[in-house]
Amino acid sequence: SQKIEQNSEALNIQEGKTATLTCNYTNYSPAYLQWYRQDPGRGPVFLLLIRENEKEKRKERLKVTFDTTLKQSLFHITASQPADSATYLCALVEDTGRRALTFGSGTRLQVQP
Amino acid sequence: GAGVSQSPSNKVTEKGKDVELRCDPISGHTALYWYRQRLGQGLEFLIYFQGNSAPDKSGLPSDRFSAERTGESVSTLTIQRTQQEDSAVYLCASSTTYGYTFGSGTRLTVV
């Protein structure tokens, strides 16, 4: 069966450290993968997109990697701040032409001051 | 408008009643999506509209659920004969190519 798995346990780190979140997928052929941030009571906010032929993408303190052999994407936040505390969702679009994103269940990040 | 607007923000309804949820996408966004998010869970795809193409309804969980979109503007999601299991946040998003812009959702509680 198809699955997108993110660590359901919250990730707690100290301010200033690098947070690394994992997204693993099974039985998908992603055309591209996206990462979103969701705060309580709000809709997700788009952060980064990475295509199947890209290994790495950066945006300010954010970095995403994509390994189609391992079927895994890693999401890094460097120099983390308490304001980075939120739930982070990965989502993918398959190369079947279907445009709708399929989301993982998200990982909650808590950055301690 | 500047963002995706959803109404109402909260809806409490009695089991068996029909509800209608509204989404105003960003002007010019040709694609519109509805998702459902149960407490503590990820987003579950419901339906997708792209321009004048036939909508992708593959995520609708039962025939009690339906959605319409007028051109490239407002969309309504209707749930008939609501059940307690329909309680969730219903999120709407619109996009041009990549990257969705989500509304804040409608929190539906069926009592």
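Quantities reported herein were computed from a predicted structural model and do not represent experimental measurements. Hydrogens, waters and symmetry mates play no part in the numbers below; they use all other heavy atoms, side chains included.
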Could you measure the distance from the OG1 atom of A:T102 to the CZ atom of B:F45? Nearest 0.5 Å is fine. 8.0 Å

Would you say CD of A:Q2 has more than 12 non-hydrogen atoms from neighbouring residues, nucleotides or ligands within 6.0 angstrom? yes

Sequence neighbours left out, what passes salt bridge (Lys or Arg N to Asp or Glu O under 4.0 Å) with A:K57? Give chain and number order.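 A:K57 satisfies salt bridge (Lys or Arg N to Asp or Glu O under 4.0 Å) with A:E54 only.
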
Please output the residues of residues 56-90 of chain B in contact with chain A, using a heavy-atom cutoff of under 4.5 Å, in numerical order. B:D56, B:S58

Find out if a path of hydrophobic residues (ILVMFWY) with successive side-chain heavy-atom gaps under 4.5 Å connects A:V64 to A:I77. yes

Over all atoms of both residues, closest heavy-atom pair of B:Y35 and A:L101: OH-O, 2.6 Å

Side chain, backbone, both or neither: which part of [X] has a heavy atom under 4.5 Å from chain A?
X: B:Q37; answer: side chain
X: B:Q50; answer: side chain
X: B:Y100; answer: both
X: B:L91; answer: side chain

Those residues of residues 24-52 of chain A, ordered by number, that approach chain B below 4.5 Å (heavy atom to heavy atom):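 Within residues 24-52 of chain A, the residues under 4.5 Å from chain B are A:Y32, A:Q34, A:Y36, A:Q38, A:G41, A:R42, A:G43, A:P44, A:F46, A:L49, A:R51.
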
Name the region of A:I4, side chain, backbone, both or neither, that has any atom closer than 4.5 Å to a heavy atom of chain B. neither

Quick one: side chain to side chain donor-acceptor pair (under 3.5 Å) partners of A:R108, sequence neighbours excluded?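 A:R108 satisfies side chain to side chain donor-acceptor pair (under 3.5 Å) with A:Q110 once adjacent residues are dropped.
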
